[in-house]
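Some notes on the structure that comes next.
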Amino acid sequence: MENMKRFVFLILLFAASIGAGAQPGRAKGKPMHTVAKGVYEPFFRTATTMPVPVAAFRIDEYAVTNAEFIGFVKQNPAWRRSRVNRLFADKNYLHHWATDTTLAPADAKLLQAPVVSVSWFAAQAYSRWQGKRLPTVAEWELAGNGKPRNIRFDSLTDYILDWYKRPNPKVLPPVKSTYLNQYGLYDMHGLIWEWTFDFNSFVGSTDSRGNTTDEVQAFCAAGAVNVKDKTDYAGFMRYGYRGSLKGNFCIQNLGFRCAKSI
Amino acid sequence: MRFLTKFSQVRIGLLVTALSTSALLLSCQETGKDKPADTAAVDLNAPLTGTVTAELTDAPLVPKPLTYNTPKKVMVELEVIEKVMKISDDTEYTFWTFGGKVPGKFIRVRVGDLVDFTLKNAADSKVVHNIDLHAVNGPGGGAEATNVAPGQSANFQFRVLQPGLFVYHCATGPVGMHIANGMYGLILVEPAEGLPKVDREFYLMQGDFYTKGKFDEKGLQPFDEEKAIKEQADYVLFNGRVRSTTGKNALQANVGENVRLFVGNGGPNLISSFHAIGEIFDKVYMEGGSAVNHNVQTTLIPAGGSSTVEMSLQVPGVLNLVDHSIYRAFNKGAIAQIKVSGEENPAVFKSNK
């Protein structure tokens with residue numbers, strides 16, 4: 001009987017600690033998972049692009065939520081909407097929040113949804129505050145390529161394309177609402193776009209149908225010859241998306257998750 | 001002997017000079033007769049005579065003919081909007097649009113104008129877009145300059161150097177998918193003297209669509225890249241929807257009128273054999289360029305190309321405008337209509353039933 005009580009107590013304690021972890025602002029202890037070392041094959045095949053070895057790293061289980069980001073701006077007033085420097089976040093920064101530190105009561109659902117409309121600079125600052133960093137493109141792509149674990153679909157590309165084909169939902173669903181992959185990561189595709197540390201290392205523009213000679217010649221006609229896999233439409237989209245970004249852009253379907261070196 | 005040699009060399013030299021001069025004169029005369037190419041027609045140093053905002057219209061409407069005849073700065077702003085719309089009565093599709101409709105807004109400018117172009121991407125867009133206007137002389141037709149993330153906008157300027165009816169489209173990768181989702185429209189560049197006056201002008205644009213479900217299968221149908229690659233279209237449409245321009249939505253005209261159609265073909269894959277059932281095109285500006293053909297039954301419109309056709313209407317009735325690759329018309333939706341009202345004209349056509 002005493003043992004039983006202790007057991008129940010332990011379970012309750014365990015549940016409470018999980019609950020605490022999910023509370024607004026308590027981002028500490030957010031689960032991370034290890035992605036084993038691997039090789040990242042760049043999307044473009046040119047004479048100069050080589051497969052990139054990627055060391056094992058840790059990455060957040062799910063994207064940073066509004067609740068977590070509220071905790072951040074409360075402790076870092078410089079990153080509040082009313083105070084942020086325009087150089088570091090454009091006018092759409094956190095525009096879906098009611099005030100500097102709160103969502104409208106009607107938007108309570110969004111607390112557990114990924115924070116979006118945050119700039120690269122803000123995502124960087126948050127990551128640093130957490131003692132973490134943003135994943136590189138190579139790391140993100142490696143993690144994103146993980147096989148789905150809890151749902152069946154024939155092709156990851158089709159799954160991603162189906163997401164592209166739907167307009168953005170009126171209310172962004174919460175984190176962990178799509179699928180789980182082999183590394184234990186949720187929503188790598190199908191919920192939001194995510195910032196990467198070196199998003200703009202993929203050179204600038206996205207027309208690149210042979211007008212330039214750099215590696216961005218991927219997006220039409222002649223240029224597409226260099227693409228590793230022409231049917232990887234989803235890859236096209238991610239690279240096109242990243243190529244269009246600037247560090248201070250705040251976009252309503254663009255959020256982030258943090259990574260850490262091992 | 002040496003003198004003689006020298007003399008003959010001089011003579012040959014003179015002869016060559018004379019010949020080449022006359023050749024030069026001849027070639028000058030020839031180019032003088034031809035329409036001047038590119039910048040020859042436009043004085044890039046001439047000052048612009050004011051700023052206007054372009055009138056933009058959704059198909060089948062066309063902006064009014066331009067009333068100015070000196071080059072101006074023309075402001076154009078287009079917004080890319082991704083939205084679910086009907087592709088058929090009971091079928092929906094997630095279209096990607098220039099301005100909220102398929103095809104995109106019709107733009108009308110005059111040769112010599114300086115176009116100040118702003119492309120916005122709606123904040124709730126999912127993906128990046130840009131625009132390649134075939135009327136542009138410059139990198140990617142503007143695509144490089146306009147690659148815009150959701151919620152952002154981009155601006156560039158181009159000088160309109162050549163008259164014609166030009167297609168514009170999105171050129172963000174994968175280009176095929178962006179075009180297949182409806183990202184195309186027309187920009188008309190009027191020649192300096194304008195186009196001859198007609199009674200009515202309309203805007204039609206053909207496009208082929210690829211859906212997971214078959215033609216007219218109910219519900220929201222996603223894009224099917226397999227079918228697109230195989231060029232097996234489920235829908236071939238004028239103005240982005242089955243029955244967009246038929247029945248109560250038919251174009252309206254009267255007996256005795258001259259009608260001009262600005263017809264584009266967005267593709268992504270199919271070439272149009274554009275034909276009016278029961279009417280002959282009096283004039284066809286072939287491929288949207290300056291050469292005019294007369295008395296044409298069916299004109300080819302390339303994917304990513306256009307044609308301006310004119311016809312005078314002699315008798316009342318319904319004119320079916322079709323892609324004469326005829327299964328597309330009767331099984332895939334490629335029919336538009338002009339309802340011609342007015343008195344019967346038995347001297348031209350009489351049924352003896």
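Per chain, numbering begins at 1; letters A, B, ... match sequence-line order.
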Open item on the list: As an exercise, state the distance from CG of A:Asp158 to CD of B:Glu225, rounded to the nearest 0.5 Å.
Closed with: 5.5 Å
Task: Shortest non-hydrogen separation from A:Ser244 to B:Val128 and the atoms involved - done: OG-CG2, 3.2 Å
Open item on the list: Quick test of your reading: applying side-chain hydrogen bond (donor to acceptor under 3.5 Å, both in side chains), list the pairs with at least one residue in residues 90-99 of chain B, sequence neighbours left out, ordered by first then second residue.
Closed with: B:Tyr93-B:Asn181
Open item on the list: Out of B:Met177, B:Lys83, B:Lys212, return the one with the most heavy atom pairs under 4.5 angstrom to chain A.
Closed with: B:Met177
Task: CD1-CG distance between A:Ile251 and B:Asn121, expressed to the nearest 0.5 angstrom - done: 8.5 Å
- [ ] Would you mind checking which part of A:Trp163 comes under 4.5 Å of any heavy atom in chain B, side chain (CB onward), backbone (N, CA, C, O), both or neither?
- [x] both
Open item on the list: Tell me if a side-chain donor or acceptor on B:Lys126 pairs with a main-chain N or O of A:Lys165 at a distance below 3.5 Å.
Closed with: no
- [ ] Calculate, to the nearest 0.5 Å, the distance between atoms CG and CZ belonging to B:Leu220 and A:Arg166 respectively.
- [x] 9.5 Å
Open item on the list: Just checking B:Glu79: does its CD atom have more than 12 heavy atoms from other residues, nucleotides or ligands closer to it than 6.0 angstrom?
Closed with: yes
Open item on the list: According to side chain to side chain donor-acceptor pair (under 3.5 Å), who are the partners of A:Asn66, at least two apart in sequence or on a separate chain?
Closed with: A:His96, A:Trp97
Task: Test item: B:Pro150 and A:Tyr241 side chains (from C-beta on) under 4.5 Å apart, heavy atoms - done: yes
TODO: Show your reasoning for whether side chain to side chain contact (heavy atoms under 4.5 Å, CB included) applies to A:Leu245 and B:Gln152.
DONE: CA-CA 9 Å; A:Leu245 298 176; B:Gln152 303 294 327; over 6 Å; no
Task: Flag if over 12 foreign heavy atoms under 6.0 Å of NZ, A:Lys246 - done: no
- [ ] Verify the neighbour count for atom CZ of A:Phe197: are there more than 12 heavy atoms of other residues, nucleotides or ligands below 6.0 Å?
- [x] no
Task: Check: B:Ser125 main-chain N/O paired with A:Asn253 side-chain donor or acceptor under 3.5 Å - done: yes
